[in-house]
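Have a look at the structure below, then the notes.
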Amino acid sequence: ATSPAASSPPQYRRTAFFDEQLQAFEVWLNSERKHGAKPRLLPIALHALLTSTHRTRALRCIALYLDEGGNAAALTALSAGILPYAVSLLRTKSFDFRRDLLLTWVNLINADHSNV
């Protein structure tokens, strides 16, 4: 029998969880949203903003949701807790997602001036 110290450490395997959840959110944006369904994946998309790997895609989904969803969508995002995420993104030095971040802020401010 081999001792645990002699065996190699486990290899890190990146999970496909956020990729799959963002893909599901994109499908929802393109089809189910038109039928009045609620965005169940919005909290997961917000959490995906925390990782640089998924940040641009997640913010693109959120910006599209807010832009096409009107004030109701922005109020839903506010109640889901988007503000801390949006504020932290203002501090990043990356320019990859500035357009989507600006669109997100415009919709949040437009929806509820008192919370922003």
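All values below come from the heavy atoms of this structure, side chains included, with hydrogens, waters and symmetry mates left out. Small disclaimer: the values here were computed from a predicted structure and weren't measured.
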Heavy-atom donor-acceptor pair, [X] side chain to [Y] backbone, under 3.5 Å:
X     : Y     : value
Asp67 : Ala63 : no
Thr51 : Ala48 : yes
Arg98 : Ser94 : yes

query = Is any side-chain heavy atom of Thr53 closer than 4.5 Å to a side-chain heavy atom of Phe18?
reply =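 No, every pair of side-chain atoms sits at 4.5 Å or beyond.
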inquiry  = So Arg14 and Asp19, do their side chains get closer than 4.5 Å, heavy atoms only?
reply    = yes
Starting from [Y], can I reach [X] by hopping between I/L/V/M/F/W/Y residues whose side chains sit under 4.5 Å apart?
X      : Y      : answer
Leu101 : Leu50  : yes
Ile82  : Val106 : no
Leu78  : Phe25  : yes
Val27  : Leu64  : no
Ile109 : Leu75  : yes

task = Answer yes or no: is there an ion pair linking Arg60 with Glu26, defined by an N-O contact shorter than 4.0 Å?
result = no
query = Should Arg55 and Asp96 count as an ion pair when the cut-off is N to O under 4.0 Å?
reply = no
Could you state the interatomic distance from [atom1] ([X]) to [atom2] ([Y]), rounded to the nearest 0.5 Å?
X     : Y      : atom1 : atom2 : value
Leu89 : Thr104 : CG    : OG1   : 8.5 Å
Leu42 : Ser79  : CG    : OG    : 8.0 Å
Glu68 : Asn107 : CD    : CG    : 10.0 Å

query = Taking it one step at a time, do Trp105 and Leu66 satisfy side chain to side chain contact (heavy atoms under 4.5 Å, CB included)?
reply = CA-CA 9 Å; Trp105 273 105; Leu66 293 174; over 6 Å; no
ask   = Are the aromatic ring centres of His47 and Tyr85 under 6.0 angstrom apart?
value = no
